[in-house]
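Worksheet: one structure, shown below.
Positions are given from 1, in the same order as the sequence printed here.
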Amino acid sequence: MQTYFFTLSASYEYCLRLYEPGIHAVVIIDEKGKKVQIPTKNLRPFVGHNGIRGRFRLQVDNTNQLLSFEKMS
């Protein structure tokens, strides 16, 4: 299992792209500089009227299947 931490700060207007047809994932750079691809469906629950902001933790198994994605703060 691998764990990634990252901070997100995106406006509501930018987050609207998460709902566009054909956009299924985004690439985020974790705190150690590693690029990680996350399905947009996992980000959508955290979008509010101000966009998405906070520190997040992503856990994946040995085959890179998502185990958990949660907001830390």
Side-chain angles (χ1 to χ4, degrees):
M1 179 173 66
Q2 290 192 11
T3 302
Y4 302 96
F5 293 94
F6 51 91
T7 300
L8 292 177
S9 179
S11 69
Y12 179 78
E13 290 77 20
Y14 183 84
C15 290
L16 289 176
R17 297 178 188 173
L18 299 175
Y19 299 90
E20 291 180 10
I23 299 180
H24 303 287
V26 295
V27 175
I28 297 173
I29 300 174
D30 81 345
E31 293 176 352
K32 294 182 180 179
K34 181 160 173 93
K35 291 182 182 180
V36 181
Q37 184 171 309
I38 300 174
T40 56
K41 68 179 181 181
N42 294 103
L43 292 173
R44 290 176 189 152
F46 300 101
V47 176
H49 65 278
N50 289 327
I52 186 169
R53 298 196 185 338
R55 187 166 186 253
F56 294 83
R57 177 175 60 196
L58 169 70
Q59 292 182 317
V60 297
D61 65 16
N62 293 334
T63 62
N64 290 324
Q65 296 299 309
L66 191 137
L67 296 174
S68 68
F69 181 75
E70 60 188 338
K71 187 173 182 178
M72 304 299 294
S73 62

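Within the structure, ring pair (Phe, Tyr, Trp, His ring centres under 6.0 Å) pairs that include any residue of residues 11-32 do not occur (at least two apart or interchain).
Across all non-hydrogen atoms, the minimal contact from F6 to I29 is CB-O, 3.9 Å.
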For residues 34-41, dump all side-chain donor-acceptor pairs below 3.5 Å to protein atoms at least two apart in sequence or in another chain.
| from | atom 1 | to | atom 2 | distance (Å) |
| --- | --- | --- | --- | --- |
| T40 | OG1 | I23 | O | 3.4 |
| T40 | OG1 | R44 | NH2 | 3.2 |

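Counted within 6.0 Å of CG on D61, heavy atoms from surrounding residues, nucleotides or ligands total more than 12; the atom is thus considered enclosed.
Here Q59 contributes atom CD and S68 contributes atom OG; the two are 3.5 Å apart, rounded to the nearest 0.5 Å. Between S11 atom OG and I52 atom CD1 the span is 11.5 Å, to the nearest 0.5 Å. One distance of note links OH of Y4 with CD of E31; it measures 13.0 Å at 0.5 Å rounding.
Summarising the hydrophobic clusters (Ile, Leu, Val, Met, Phe, Trp, Tyr; side-chain heavy atoms under 4.5 Å, direct or chained), the residues clustered with M1 are L67.
Following chains of ILVMFWY side-chain contacts shorter than 4.5 Å, one cannot reach F5 starting from F46, and the two form parts of different hydrophobic clusters.
Side-chain contact check for L16 versus L18: every heavy-atom pair is 4.5 Å or farther apart. In this structure the side chain of T3 never reaches within 4.5 angstrom of the side chain of L58, judged on heavy atoms. Side chains of F56 and I28 form no contact here, defined as non-hydrogen atoms less than 4.5 Å apart.
A donor-acceptor distance shorter than 3.5 angstrom exists from the side chain of R53 to the backbone of A10, with no hydrogens or angles considered.
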